[in-house]
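For the single chain, residues carry numbers from 1 onward in sequence order. Any value given below was found using the heavy atoms of this structure, including those in side chains, with hydrogens, waters and symmetry copies removed. Both ligands and their constituent atoms are indexed starting at 1 by order of listing.
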Amino acid sequence: MQTPEIGLSKRTKYIFVTGGVLSGIGKGVVVGSVAKLLSLYGLKISSAKIDPYINVDAGTMNPIIHGEVFVTDDGGETDMDLGTYERFLNQNLSRKHNITTGQIYLGVIQAERRGDFLGQCVQIIPHVTDAIKHQIRKIAETEESKSDRPGEVILVECGGTVGDIESLPFLEAIRQMRLEEGAENTLFIHVTLAPILQAVGEEKTKPTQHSVQELRRIGIQPDIIVVRSEKELSLDSKRKISLFTSVELDSIISNPDSPSIYHVPENLYRDGIISAIGAKLKLPVRGMSWGGWRDVSNSFSSAAFRNEVIIGLVGKYVSLADSYVSVNHALSHAGAYQNAFVKVEWIDSGEFEKNLLSLDTLERYHGILIPGGFGKRGSEGKILAANYARERSIPFLGLCFGFQLALVSFARHVCDIRDAHSTELNPDTNNPVVDLLPSQREVGEMGASMRLGGHDIKIEEGTLAHQIYGTYDIRQRHRHRYEFALKYLEIFEKNGMNLTAFSDNGRRAEILEVSSHPFYMATQYHPEFVSRPGSPEPVFKSFVKAAVERKRPSISIPQSTDS
Ligand code: GLN
């Protein structure tokens with residue numbers, strides 16, 4: 001049955017989110033938060049990201065420069081904002097939800113080569129803009145076909161900052177969409193920053209005014225402006241922005257710093273974003289049903305934390321936390337769930353190799369995590385750290401590359417296979433305990449060619465993995481070219497490391513664990529991609545629990561002195 005109380009026409013409604021002033025002011029969090037609010041409001045919501053770069057997807061980009069490559073269940077290698085949306089919406093997205101200039105141009109040029117344009121001169125307007133609109137509408141179609149009710153709201157974030165050359169065709173396409181879909185079916189939210197000038201302690205609205213001018217020059221008049229600022233935006237500033245941008249006063253929404261990103265939906269709600277959106281898109285204004293969301297967001301307040309645990313993240317890309325953004329979130333979800341604050345410290349594994357840092361420095365951590373990675377640099381340091389954590393009974397979690405290097409470390413230090421290696425790091429090793437996946441032997445191109453996305457995994461009975469997950473069947477996301485060579489299984493198990501979960505009918509090892517250790521586990525898959533606030537991924541939850549236990553001081557019974 002349809003749900004008339006939602007009051008939507010059959011048409012999908014689009015909310016386009018642009019950014020001004022600076023990059024990195026949390027546009028993705030605004031999109032995620034608005035999506036969350038609208039979903040709590042009872043609407044079927046989806047969100048998509050436009051990335052104006054020429055890469056076809058994020059998979060070929062260096063995470064130091066561009067941040068983490070987020071992997072969707074259908075194997076898309078996408079921008080990390082999709083991770084933000086998935087975490088807010090608690091919903092899986094697909095590769096279709098990330099549109100790039102590369103995909104658009106590739107499609108247009110392939111069509112031109114096929115002769116689809118019948119002799120026309122192929123141009124940015126209308127051919128490229130048409131292709132963009134087609135891609136955006138395709139997302140709506142997919143959502144509609146999944147949905148049992150008419151009408152959905154799709155949030156589309158335009159990457160970059162207004163004024164960038166690269167994003168012009170996208171802005172032009174969404175400008176046209178307002179014309180084609182109608183004012184009641186399209187909404188423009190512009191996200192800006194009001195910096196505080198320290199000398200006068202006053203927030204400045206001029207950059208916002210200028211970026212709106214830039215947007216209007218392109219032909220887009222924003223309907224709502226969300227202003228990031230350190231504190232709540234003053235009424236004076238709101239009035240000034242409203243006057244100079246022609247945006248109604250109650251559509252200037254303050255987005256102040258908050259204890260965690262999960263508080264942003266409540267902040268935006270309090271400042272009236274839902275009423276503003278509802279009025280413009282003609283959505284009926286109804287009471288919100290927060291469900292359990294407030295408990296979830298409150299669990300991320302510092303007041304909720306009884307413990308602080310320090311996790312040492314041993315990696316190569318330590319210079320930029322964005323490279324491991326989902327790992328950070330998964331740790332914080334696991335922490336908040338059990339009243340613990342997880343502080344992450346980055347350790348450059350290369351320093352262990354060069355003897356610039358002693359392995360003993362790892363002793364102070366409540367847990368050690370080796371995340372995913374590629375290539376030789378820093379890998380020997382990670383192998384040493386994996387061994388140290390095992391020998392010194394420090395809770396340990398290895399993810400993908402971390403799983404592979406934990407295998408190498410165990411082979412060398414426990415199974416006495418001294419020259420054990422991964423063929424990614426030494427193609428000529430006599431003992432390739434980690435070797436290329438058979439499917440990777442013929443790979444010619446770098447893009448989208450790894451073993452990617454969700455695969456079903458079977459967990460074995462009587463294992464820690466089974467205890468943690470409480471089930472024999474899980475589905476997890478992957479992004480790798482190498483894997484454990486099963487011919488070493490017997491010798492590993494004889495020496496106390498068990499491979500406890502497998503995919504592809506037992507052909508691929510997915511989880512390793514060491515008994516007689518407080519917590520030593522590693523996964524070939526990336527559990528961080530499916531962790532959500534309020535429902536942390538089970539492996540992360542158990543790892544953080546073990547870290548909390550390591551921290552807890554052992555109970556000492558005071559000695560009586562008066563005997
Ligand atoms: N480099 C390793 C592989 O390709 C691990 C990849 C990863 O950690 N994502 O298999």
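- Between F341 and F305, the angle of the ring planes lies from 30° to 60°, which puts this pair in the tilted group.
- For atom 10 (O) of ligand 1, the nearest non-hydrogen atom of the protein is Y482 N, 2.8 Å.
- Residue-level proximity to ligand 1 for Q404 is carried by the side chain, the only part with a heavy atom below 4.0 angstrom.
- More than 12 heavy atoms of other residues, nucleotides or ligands lie within 6.0 Å of CZ in F502, so this atom counts as buried by the packing criterion.
- The minimum heavy-atom distance between Y53 and A58, with the atom names listed, is OH-CB, 3.8 Å.
- Using the six-membered ring where Trp is involved, H478 and Y525 have ring planes that are perpendicular, over 60° apart on the 30 and 60° scheme.
- For ligand 1, the atoms sitting less than 4.0 Å from at least one non-hydrogen atom of G372 are 8 (O), numbered in the order shown with element in parentheses.
- At the shortest separation from atom 7 (C) of ligand 1 among protein heavy atoms lies C400 SG, 3.0 Å.
- Of the protein's heavy atoms, G373 N, 2.9 Å lies nearest to atom 8 (O) of ligand 1.
- Close approach of ligand 1 to F374 is summarised as follows: ligand atoms under 4.0 Å from at least one heavy atom of the residue are 1 (N), 4 (O), 6 (C), 7 (C), 9 (N).
- Annotation for ligand 1: atoms under 4.0 Å from non-hydrogen atoms of H526 are 9 (N).
- The aromatic rings of F16 and Y14 lie parallel to each other, with less than 30° between the two planes, well short of the 60° mark.
- Scanning all protein heavy atoms for the shortest distance to atom 1 (N) of ligand 1 gives E424 OE1, 2.7 Å.
- The two residues L82 and S94 make their nearest non-hydrogen contact at CD2-O, 3.8 Å.
- Ranking protein heavy atoms by distance to atom 3 (C) of ligand 1, first place goes to R481 N, 3.4 Å.
- Interface atoms of ligand 1 facing H480, defined by a heavy-atom separation under 4.0 Å, are 3 (C), 4 (O), 10 (O).
- From the protein, the heavy atom lying nearest to atom 9 (N) of ligand 1 is R479 O, 2.9 Å.
- The ring of F300 has its center no closer than 6.0 angstrom to the ring center of H263.
- The N/O atoms of F401, backbone and side chain alike, include one that comes under 3.5 Å of an N/O atom in ligand 1.
- Taking the six-membered ring where the residue is Trp, W293 and Y262 present perpendicular rings, their angle passing 60° and hence far from 30°.
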